Amino acid sequence: MRIGLLTSGGDAPGMNPVIRAVVRYAEREGNEVIGIRRGYRGLIEGDFVKLASRDVGGILGKGGTILLSSREERFKKLEYREIAYRNLREKEIDALIVLGGEGTLEGARIIAEEMGMPVIGIPCTIDNDVGGTEYCIGYDTAVRNAVEAVDRIRDTASSHERIFIVEVMGRNRGFIALEVGLATGAELILIPEEKFPRDKIPEEIEKAKSMGKLHFIIVLAEGYGKAHELEKYLLEKIGEKYGEIRSTVLGHIQRGGSPTHYDRMMGTKFGIVAYESLIAGERSGYVAYEKGKFYIEDFERAREYKPIDREAYRINMRLAI
Ligand code: F6P
């Protein structure tokens, strides 16, 4: 069997361990893996490269994706997908494994449906927002990166008795912010799923400062709002009577760096499950992880709303005293 492998959308730390696992498992069993560079762009442009075991040596601890990635808008148009399908046929690809977030998995669903080619997706996004799976590759590393950053910021926040707003990624969801906030003991977590009213924030700051807290750290999900706007709002409302106000946007620092042991291990397992399910005859779906088990889920479920851990949010509110 000749398996095409691509990574698409925002890179996620842990994609390389997936690539390594798929290539090595396939090679051991006499199957071939063809890497498609830059995601769906490479499908359209016919940028295919054969991958052997030695090509994936030393990548387990590397962030990003050796296959490169892109957000390719052209793939939404049938005329370009037809070019991609022609390329796949010409290169005699029998099946595809596709790594990425919700948008990428939607592309995978369309290929499976339109082309009838077996396609297995693997949820890889730091946002952890793909429906039907507890875990998406890259999330643990992004949380680790952001926790380290907030810990450092706290040193300055305490030394200068400041109010800090730290904006984290997550697209329109608050998974990263919630875990980062909990793990760093943030005084306030602002996420789109819990509509903490903006006009109540000054009260929270006043309460904390009157209790003797040196600093006040707000972990803000980008889906709730922009850090500099909140900084401006707070300056207008309370000025700097409770301490100087600063804001920081962590940005892509969160997405890079060596994957954590968890993302290496989960990336390896997700990759093996994808490969083995293809060999076992699965034709369409993505690898999902729920309650300690891996299985293949229908592509449609990737779009489902994934609930946030509201209890964790409440726990943080109770602890931030
Ligand atoms: O989906 C991953 C993600 O990092 C989001 O958290 C963020 O909103 C977005 O991608 C940023 O995209 P880009 O790297 O294209 O600026």
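Whatever order the structure lists them in is the order used to number ligands and atoms, beginning at 1. The model shown is predicted, which means the values in this text are computed figures rather than measured ones. Only heavy atoms go into these numbers, but all of them, side chains included; no hydrogens, no water, no symmetry mates.
Figure legend: Lys306 and Phe175 shown as a cation-pi pair, the cationic atom lying under 6.0 angstrom from the six-membered ring centre and within 45 degrees of its axis.
With no hydrogens or angles considered, no side-chain donor-acceptor pair links Tyr139 and Asp129 at under 3.5 Å.
Side-chain atoms of Arg109 do not come within 3.5 Å of backbone N or O of Glu300 as any donor-acceptor pair.
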Worksheet item: Could you walk me through whether Phe294 and Met266 pass the side-chain contact (heavy atoms from CB on, under 4.5 Å) check?
Response: CA-CA 10 Å; Phe294 291 92; Met266 290 298 269; 4.1 Å; yes

Less than 3.5 Å apart, N/O on ligand 1 and N/O on the protein: could you list those pairs with the distances?
from     : atom 1 : to     : atom 2 : distance (Å)
ligand 1 : 1 (O)  : Asp127 : OD2    : 2.6
ligand 1 : 4 (O)  : Arg255 : NH1    : 2.8
ligand 1 : 6 (O)  : Asp127 : OD1    : 2.6
ligand 1 : 6 (O)  : Gly170 : N      : 3.1
ligand 1 : 6 (O)  : Glu222 : OE2    : 3.4
ligand 1 : 8 (O)  : Glu222 : OE2    : 2.6
ligand 1 : 10 (O) : Arg71  : NH2    : 3.1
ligand 1 : 10 (O) : Arg255 : NH1    : 3.1
ligand 1 : 12 (O) : Arg71  : NH2    : 3.0
ligand 1 : 14 (O) : His252 : NE2    : 2.8
ligand 1 : 14 (O) : Arg255 : NH1    : 2.9
ligand 1 : 14 (O) : Arg255 : NH2    : 3.1
ligand 1 : 15 (O) : Arg71  : NE     : 3.1
ligand 1 : 15 (O) : Arg71  : NH2    : 3.3
ligand 1 : 16 (O) : His252 : NE2    : 3.4

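Test Val98, Thr104, Leu105, Asp298 against Tyr286 for side chain to side chain contact (heavy atoms under 4.5 Å, CB included) and you get one pass: Leu105.
Listed by first then second residue, pairs satisfying side chain to side chain donor-acceptor pair (under 3.5 Å) with a partner in residues 84-101 read Tyr85-Glu114, not counting sequence neighbours.
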